[in-house]
S.K.: 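Okay, handing you the structure first.
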2 protein chains.
Amino acid sequence: MTRTQHSTTREAEILRLDRQICFSLHAATRAFNGVYRLVLQDLGLTYPQYLVMLVLWEHGELPVKRLGEHLRLDSGTLSPLLKRLETAGLVRRERSARDERSVQVGLTEQGTALRERALEVPRRIGAATGFDADEVRDLQERLDTLTAALDAAIARPDALNGNTATP
Amino acid sequence: MTRTQHSTTREAEILRLDRQICFSLHAATRAFNGVYRLVLQDLGLTYPQYLVMLVLWEHGELPVKRLGEHLRLDSGTLSPLLKRLETAGLVRRERSARDERSVQVGLTEQGTALRERALEVPRRIGAATGFDADEVRDLQERLDTLTAALDAAIARPDALNGNTATP
DNA sequence: CGCAATTCAATTGTGTGCAACTAAATGACG
DNA sequence: CGTCATTTAGTTGCACACAATTGAATTGCG
């Protein structure tokens, strides 16, 4: 038990608690990822690719920029991902004629057809969570609140020092 | 599977709901990542590196295997990460004399010293969330429950089809 | 009109995360 | 005692995530 001697119990607890909090989210995300990986392998999609397809199924053709806004992802992530979906024959990419900077992303016939099989996914995931609809909704609300708070803190970095004063 | 294509609205809602649920977790994780990135850049650590350091500060020297069990990460992720921490002078790696397969990971003097500055991190993160201690504890509990359910489902893949029968 | 600022996608580089494989060491068993 | 299965790290390959940069197209403004 060499357990870092000089430090007080109080300090040790501070860091241990923090590990539990951030680690819980980290672990939940990876566990979710694992389940989606398993469920989605039938469709030949990764989890982020599935998210992209969900947006396309819901909204139809739209530029990379809009896609990134829906998913909070930038072109650095989306460009290679969309290329892989294009190679897989699920997605079509073409520069907009109206604005040559913009690239329109749309579904191929195959990509549209895949939606039928994707309808099974939510039920499978739901079964894996063991949560009922109310619990899921509640958890989602908390996560969204958390995300909003974290985004606000990032936008105003002094919040990270516990300051309440505005610059 | 009798469920096939008739009601378009129903189907659209199913996928839209799934997008909301899985996306909330995805977004929360990335938002948390962003805040940690900002707070940890003073310490020169990434978020996963910080998690590794937390385990080492709490438990002292231990083999890569144990470290992976604490963090649910395998050597494929830990090996390069630990090399970077070693290059940064925070961590020491040496093969165990007792079992030559095992590699013991311990803190350098510099790594131990970094703990002092890390004590500030939890307070900063807490301020960013805007959650009080009770809310954080409650959210953590739900996430842990979720993780346990998802892990159990992965271990028993028929659970992903909503079946209750055992093979 | 003409030039500067802005927008947008793509690229580059770093750091995970994980599956699949390799290689070395250990242990179990006949 | 030797063989083989198991354990443990490491390596490789692929797929995000994101910061920073590039380059092309567009817009704004005098």
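Quick caveat: nothing in here was measured; it's all calculated off a predicted structure. In what follows, chains are A, B, ... by sequence order, proteins preceding strands, each numbered from 1. Heavy atoms only: backbone and side chains are in, while hydrogens, waters and symmetry mates are out.
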S.K.: Nearest 0.5 Å, what's the CG-CZ distance between B:Asn33 and B:Arg37?
M.R.: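 That separation rounds to 5.5 Å.
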S.K.: Listed by chain and number, what are the salt bridge (Lys or Arg N to Asp or Glu O under 4.0 Å) partners of B:Arg84, not counting sequence neighbours?
M.R.: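 Residues passing salt bridge (Lys or Arg N to Asp or Glu O under 4.0 Å) with B:Arg84: none at all.
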S.K.: Tell me: CG of B:Leu78 to C1' of D:dT8, nearest whole Å?
M.R.: 13 Å
S.K.: Sequence neighbours left out, what passes side-chain hydrogen bond (donor to acceptor under 3.5 Å, both in side chains) with A:Asp74? Give chain and number order.
M.R.: none
S.K.: For A:Leu15, does its backbone N or O pair with a side-chain atom of B:Trp57 as donor and acceptor, under 3.5 Å?
M.R.: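 Not confirmed, B:Trp57 side chain does not pair with A:Leu15 backbone.
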S.K.: Using the side-chain hydrogen bond (donor to acceptor under 3.5 Å, both in side chains) criterion, which residues pair with B:Tyr47? Sequence neighbours excluded.
M.R.: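 Listed in chain order: nothing, the list is empty.
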S.K.: At under 4.0 Å between heavy atoms, what does B:Arg93 touch on the DNA or RNA strands: base, sugar-phosphate, or nothing?
M.R.: sugar-phosphate
S.K.: Not counting sequence neighbours, list each pair that qualifies as a salt bridge (Lys or Arg N to Asp or Glu O under 4.0 Å) and has a residue in residues 146-155 of chain A.
M.R.: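 Only A:Arg72-A:Asp151 qualify under salt bridge (Lys or Arg N to Asp or Glu O under 4.0 Å).
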S.K.: Taking atom P of D:dT8 as reference, at what distance in whole Å does atom CG of B:Leu82 sit?
M.R.: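 So the two atoms are 16 Å apart, to the nearest Å.
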S.K.: On DNA chain D, compare the nucleotides closest to B:Glu69 and B:Lys83; which residue's is nearer the 5' end?
M.R.: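 With B:Glu69 and B:Lys83 compared, the 5'-side residue is B:Glu69.
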S.K.: Could you encode protein contacts along nucleotides 12-19 of chain D as a string, one character per nucleotide from 5' to 3', using B for base contact, S for sugar-phosphate-only contact and - for no contact, with a heavy-atom cut-off of under 4.0 Å?
M.R.: ---SSBBB
S.K.: Dot-bracket for DNA chain C, 5' to 3', counting Watson-Crick or G-U wobble pairs under 3.5 Å, with [ ] for crossing pairs and | for inter-strand pairs?
M.R.: ||||||||||||||||||||||||||||||
S.K.: Hey, where on DNA chain C does chain B first and last touch, going 5' to 3'? Cut-off is any atom under 4.0 Å from a heavy atom.
M.R.: C:dG15 to C:dT26
S.K.: Could you check how far CD of B:Glu94 sits from P of D:dA9, rounded to whole Å?
M.R.: 14 Å
S.K.: Ignoring hydrogens and geometry beyond distance, is a side-chain donor-acceptor pair present between A:Thr29 and B:Thr29 at under 3.5 Å?
M.R.: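 The criterion, which ignores hydrogens and geometry beyond distance, is satisfied for B:Thr29 and A:Thr29.
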S.K.: Which pairs count as salt bridge (Lys or Arg N to Asp or Glu O under 4.0 Å) when at least one residue sits in residues 88-98 of chain A, sequence neighbours excluded?
M.R.: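 Every salt bridge (Lys or Arg N to Asp or Glu O under 4.0 Å) pair that includes a residue of residues 88-98 of chain A, provided the two are not neighbours, is A:Glu61-A:Arg92, A:Glu86-A:Arg93, A:Arg92-A:Glu94.
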S.K.: How would you list, by chain and number, every residue that makes a salt bridge (Lys or Arg N to Asp or Glu O under 4.0 Å) with A:Glu135, sequence neighbours excluded?
M.R.: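 A:Glu135 satisfies salt bridge (Lys or Arg N to Asp or Glu O under 4.0 Å) with no other residue.
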S.K.: Which residues, if any, of residues 95-104 of chain A bring a heavy atom under 4.0 Å of DNA chain C?
M.R.: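 Residues of residues 95-104 of chain A under 4.0 Å from DNA chain C: A:Arg95, A:Arg101, A:Ser102, A:Val103.
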S.K.: I'd like to check the salt bridge (Lys or Arg N to Asp or Glu O under 4.0 Å) partners of B:Lys83; sequence neighbours left out, ordered by chain and number.
M.R.: none
S.K.: Under 3.5 Å, is there a donor-acceptor pair between the side chain of B:Gln49 and the main chain of B:Thr46?
M.R.: yes
S.K.: Ring-plane angle category for A:Tyr50 and A:Tyr36, please: parallel below 30°, perpendicular beyond 60°, tilted otherwise.
M.R.: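 Answer is tilted, since the angle falls between 30° and 60°.
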S.K.: By salt bridge (Lys or Arg N to Asp or Glu O under 4.0 Å), which residues pair with B:Arg30, not counting sequence neighbours?
M.R.: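 None.
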